[in-house]
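Below, each value reflects all heavy atoms present in this structure, side chains not excepted, and no hydrogens, waters or symmetry copies. Naming convention: chains lettered A, B, ... in sequence-line order (proteins, then strands); numbering from 1 in each chain. On a predicted model such as this, the values are computed, not experimentally measured, just so you know.
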2 protein chains.
Amino acid sequence: MDSISPEASRSAQEFASGAKIHTGGTAGTPWRLQRGVIRLDTTAADGQAAFASLAIAGDILGCETLLFGAYTFSATALTECRLSPWPEGVADRDSLLVSLASAQRRAADLVALRGGQAMDRVLGLIRLFADGAGQVILPTRQDIADITDLRFETISRIIKQLERRHILSPIRIAGVHATRSFTLADC
Amino acid sequence: MDSISPEASRSAQEFASGAKIHTGGTAGTPWRLQRGVIRLDTTAADGQAAFASLAIAGDILGCETLLFGAYTFSATALTECRLSPWPEGVADRDSLLVSLASAQRRAADLVALRGGQAMDRVLGLIRLFADGAGQVILPTRQDIADITDLRFETISRIIKQLERRHILSPIRIAGVHATRSFTLADC
DNA sequence: CGAGCACTTGATCTATGTCAACGGTAGTGG
DNA sequence: CCACTACCGTTGACATAGATCAAGTGCTCG
């Protein structure tokens, strides 16, 4: 059934920001997300994709393939990502438990990103994408809009407002301001 | 630390609609939700409770107590509920896998309840609470508002509108219309 | 019988959506 | 090298879904 050799299909893989990782309904295997952020979408009957969930480093992706053989969601990289095959080595009951607990917590985080004032939602998402050192690489305005259930024009206005307040500072590359790379002042 | 005997604390329990099931941060054990719907809240530093997630029949509740010893969320029954101790009997790797997959799907459902038009969100939630026979018992307008990130006045208006369109029909009990029990016409 | 909820409904306000125009950048093909 | 296209992001003007504020009803429970 696998068209690629077992070794090739089961070694760690890298994806660039924006890359499609897999498509809902197609066959595949589970992965652990080692680095980066992934966007998961459901595909409605009419073919419309709708944002469904986020996966961040440590999350397990496509575990349902062990049950149904196919992915439930479509996955797209929002940042550079590294995936490694899962399960790793011995079937570990405890690691499954950890994954279940963190999936439940992830759901709560997602819910928080979709409620309250627009400014707070965007700030919440920015913190999710920030590394420890106050550096942030954001996805496109449209992706942020899909995640927070706002419009990309609103996201654009809010990010500009954060720049004016010096909460976000765009990084200069060769003299020009990046639109997605910032340093984040802890407010 | 447990004030009740081990047997009592580890047998199935029933909760009435609105009952508090456990509090975030307190010690406890995991449960499987056999029947009903539960609301999970996070408690912010300032003591404000915020809606975090839903659990429906089949879900595992408080599995993180096996890792940290305490509940992450506070749980409140939105309908009559029945909980049974988890894990049931043998530690079953496959049942954990099923739980993980359904937790990830639940997150996507929750996300859908918090995006798009108010009417669609409320309809989505109503379908979640409907049994197979088209009977629905809803939680309070305030609970629906918290779940969908709308205001209770908006929920009230939308439910009235669904009644006028005969999508929801309040059940009459002793001649008076119930405010939370309906039959749902499949639209 | 009074207090406290849960719910309904009207009037008004506002945060965000919608529509439209425009600029920058990357890629592509001649 | 220069069109040319396709995105992505920004900004302004205006519209509106839903929030907010306010008043009132009816039920339940002590």
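Backbone-only engagement by D149(A) is indicated by non-hydrogen atom pairs under 4.0 Å involving sugar-phosphate atoms exclusively. Using a 4.0 Å heavy-atom distance criterion, E153(B) is classed as a base contact. Heavy atoms of I159(A) sit nowhere under 4.0 angstrom from any nucleic acid atom. As judged by a 4.0 angstrom heavy-atom cut-off over every strand, R180(B) is placed among residues touching the sugar-phosphate backbone only.
Atom CD of E153(B) has more than 12 heavy atoms from other residues, nucleotides or ligands within 6.0 Å. Heavy-atom contacts from other residues, nucleotides or ligands closer than 6.0 Å to CD of Q34(B) number more than 12. No more than 12 heavy-atom neighbours from other residues, nucleotides or ligands sit within 6.0 angstrom of CD1 on I137(A).
The distance from atom CD of Q117(B) to atom C1' of dT16(C) is 12 Å, rounded to the nearest whole Å. If you measure from atom CG of D146(A) to atom P of dC8(D), you get 12 Å, rounded to the nearest angstrom. Rounding to whole angstrom units, CZ of residue R114(B) and C1' of dA17(D) are separated by 17 Å. Here dA15(C) presents its P atom at 11 Å from CD of Q161(A), a figure rounded to the nearest Å. Between M119(A) atom CE and dG17(C) atom P the separation is 13 Å, expressed in whole Å. Summarising the geometry, the separation between CZ on R151(B) and P on dA6(C) is reported as 17 Å, rounded to the nearest angstrom. Taking atom NE2 of H177(B) as the reference point, atom P of dT8(C) lies 12 Å away to the nearest angstrom.
A donor N or O paired with an acceptor N or O is not found under 3.5 Å between the base of dG17(C) and the side-chain atoms of R157(A).
Side-chain proximity of V176(A) to dT25(C), dT16(C), dT9(C): nearest is dT25(C).
Considering only heavy atoms from C-beta on, R106(A) stays 4.5 Å or farther from Q104(B) through its side chain.
A donor-acceptor pair under 3.5 Å links the side-chain atoms of S17(A) to the main chain of L78(A), judged by distance alone.
Between F152(A) and G116(B), the residue anchored closer to the 5' end of DNA chain D is F152(A), taking for each the nucleotide with the nearest heavy atom.
A close approach under 4.0 Å does occur between a side-chain nitrogen or oxygen of T154(B) and OP1 or OP2 of dA19(D).
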